[in-house]
Amino acid sequence: MGWLSWERFRCNTDCKNDPDNCISDRLFRTMTDLVVSEGYAAVGYEYINIDDCWLEKDRSYSGQLVPDRLRFPYGLHDLSNYVHGKGLKFGIYEDYGNYTCAGYPGVLGYLETDADTFASWNVDYVKLDGCYSHPRDMDRGYPEFGFHLNRTGRPMVYSCSWPVYQIYSGMSPNYSSIVEHCNLWRNFDDIQDSWASLESIIDYYGNNQDNIVPNAGPGHWNDPDMLIIGNFGLSYEQSKTQMALWAILAAPLLMSVDLRTIRPEYKAILQNRKIIAVDQDPLGYQGRRIYKNNGIEIWARPITPVYQNYFSYAVAFLNRRTDGTPSDVAVTLRELGLSNPGGYSVEDLYEDVNYGVLTPLTKIKVKVNPSGEYIFKYKS
Ligand code: GLA
């Protein structure tokens with residue numbers, strides 16, 4: 001969990017005209033401060049991650065990566081110290097190719113050097129993108145860079161874009177190797193600031209769940225990309241939907257939003273402790289889409305506690321319809337696959353309503369708003 005610059009701040013390098021929003025030391029220090037002072041750290045957001053566009057266009061004389069001298073005047077060791085001083089962790093972006101996606105130097109040809117550089121800056125997290133490289137080389141290249149990261153002796157979370165580039169080029173990713181070498185990986189398109197983008201991601205993870213879901217588990221996660229809650233493109237309902245679905249998907253929760261201006265109701269979604277607890281459930285199972293018909297979807301994820309071999313579940317009822325009135329969804333617990341004869345204690349995770357203990361034959365009936373959802377915890 002943490003904050004990542006890309007979706008909201010992109011490759012804005014114009015610190016002269018836009019000093020508050022350009023990719024710079026100042027932006028990351030400001031977000032670090034706000035993650036702590038606005039209560040995000042207290043609910044679990046921990047990593048402050050730089051994305052693309054932090055580099056000088058040329059390596060140093062001795063071949064080292066150099067942060068942009070004007071925008072990161074104190075260097076990244078200093079910035080990393082600052083982040084650590086606030087009790088948070090520090091992440092960085094690079095690319096297994098000749099260039100990053102925005103055209104800055106990539107790691108190809110410098111794997112050892114760059115892993116050492118990151119360790120020397122006390123980096124805790126590396127996102128390794130895949131532009132300007134051949135997807136066929138990734139089966140060797142991503143493990144090789146991971147090897148060099150491990151060789152430094154500094155624990156660093158390793159975020160890979162390996163599968164998504166292979167899928168784009170028509171290959172089937174070798175997920176068992178990806179699971180072995182990466183902590184998280186992107187499977188699908190970049191998220192953009194729109195409901196259409198969010199829907200396309202939800203569909204991808206639902207339609208491909210048989211290939212994707214089994215790869216998730218503690219220490220290795222599918223990454224449906226950043227949370228865009230609090231930006232321009234999602235309504236309040238749609239924002240609640242992203243948070244609920246990301247929790248069902250056991251997704252990394254990386255916010256990409258301006259924490260200086262986010263409205264309180266969006267902040268409350270990002271800080272919903274009950275939904276974060278579902279996302280971070282220690283079993284680490286990723287949920288599945290168990291029903292889809294007529295614009296209504298039901299997604300379910302097995303979670304703790306497990307009582308006499310019966311899992312508890314987080315269940316989201318999603319309305320993808322566009323007729324402007326809520327849709328009724330009525331389903332028994334048994335129809336959801338919940339069969340503990342002792343029943344389940346049922347709780348709404350947004351509304352703070354507890355329905356008490358319901359038996360498998362009880363019907364739950366909800367009115368789901370267009371592009372909204374309900375998320376319940378069924379505790380075994
Ligand atoms: C790719 C990645 C994005 C972002 C950009 C940066 O598109 O998928 O997440 O890192 O590159 O250029």
Side-chain angles (χ1 to χ4, degrees), residues 1-14 21-24 27-28 31 47-57 65 67-68 71-72 76 90-108 114 118 123-135 137-138 141-142 145 156-169 171 173 178 182-194 196-198 200-202 204-205 208 212 221-229 231 233-234 242 246 249 251-258:
M1 293 175 66
W3 186 90
L4 176 62
S5 54
W6 182 256
E7 198 287 325
R8 177 60 180 78
F9 292 95
R10 304 285 160 145
C11 193
N12 178 351
T13 55
D14 186 5
N21 300 300
C22 62
I23 298 302
S24 66
L27 181 71
F28 291 97
M31 293 304 152
Y47 289 86
I48 302 293
N49 292 355
I50 303 183
D51 206 278
D52 207 346
C53 306
W54 59 272
L55 280 158
E56 283 283 336
K57 286 276 163 97
L65 293 168
D68 186 281
R71 292 183 286 115
F72 294 90
L76 290 195
F90 180 62
I92 210 165
Y93 166 98
E94 248 297 355
D95 187 291
Y96 180 70
N98 290 313
Y99 301 99
T100 71
C101 294
Y104 294 85
V107 301
L108 211 54
D114 293 350
F118 294 159
V123 165
D124 304 295
Y125 182 119
V126 179
K127 169 177 173 181
L128 194 68
D129 212 338
C131 281
Y132 302 102
S133 69
H134 201 293
D137 297 339
M138 293 179 177
Y142 272 92
F145 191 67
M156 291 183 255
V157 173
Y158 189 25
S159 164
C160 300
S161 301
W162 175 3
V164 62
Y165 285 92
Q166 294 196 328
I167 291 166
Y168 284 153
S169 75
M171 297 171 66
I178 292 165
C182 301
N183 298 114
L184 63 153
W185 50 84
R186 290 277 308 284
N187 311 80
F188 187 60
D189 287 350
D190 288 5
I191 197 162
Q192 310 291 343
D193 197 359
S194 75
S197 166
L198 183 51
S200 71
I201 295 174
I202 293 171
Y204 181 83
Y205 282 87
N208 296 281
I212 292 177
W221 313 102
N222 297 296
D223 175 13
D225 213 2
M226 289 157 269
L227 294 169
I228 56 168
I229 295 162
N231 292 322
L234 297 187
Q242 187 183 26
W246 262 229
L249 292 172
L253 299 180
L254 293 168
M255 317 178 272
S256 192
V257 58
D258 190 343

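Just so you know, ligand 1 is whichever comes first in the structure, and atom 1 is the first atom listed for that ligand. Quick caveat: nothing in here was measured; it's all calculated off a predicted structure. Heads up: numbering here begins at 1 and tracks the sequence.
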- Mind running side chain to side chain contact (heavy atoms under 4.5 Å, CB included) on Asn49 and Leu254 for me, showing each step along the way? CA-CA 9 Å; Asn49 292 355; Leu254 293 168; 4.0 Å; yes
- Have Asp193 and Asn231 got a donor and an acceptor in their side chains that come within less than 3.5 Å? no
- Message: Would you say that Phe28 contacts Phe90 through its side chain, given a criterion of any heavy-atom pair below 4.5 Å between the two side chains?
- Response: no
- So, do Thr13 and Asp68 sit near enough that their side-chain heavy atoms are less than 4.5 Å apart? no
- Query: What does the list of residues with a heavy atom under 4.0 Å from ligand 1 look like, ordered by chain and number?
  - Reply: Trp6, Asp51, Asp52, Tyr93, Cys101, Ala102, Lys127, Asp129, Arg186, Asp190
- Can you sort out the partners of Phe188 under side-chain contact (heavy atoms from CB on, under 4.5 Å), two or more places apart, ordered by chain and number? Ser200, Ile201, Tyr204, Tyr205
- Distance only, no hydrogens: is a donor on one side chain within 3.5 Å (strictly under) of an acceptor on the other, for Trp6 and Asp52? no
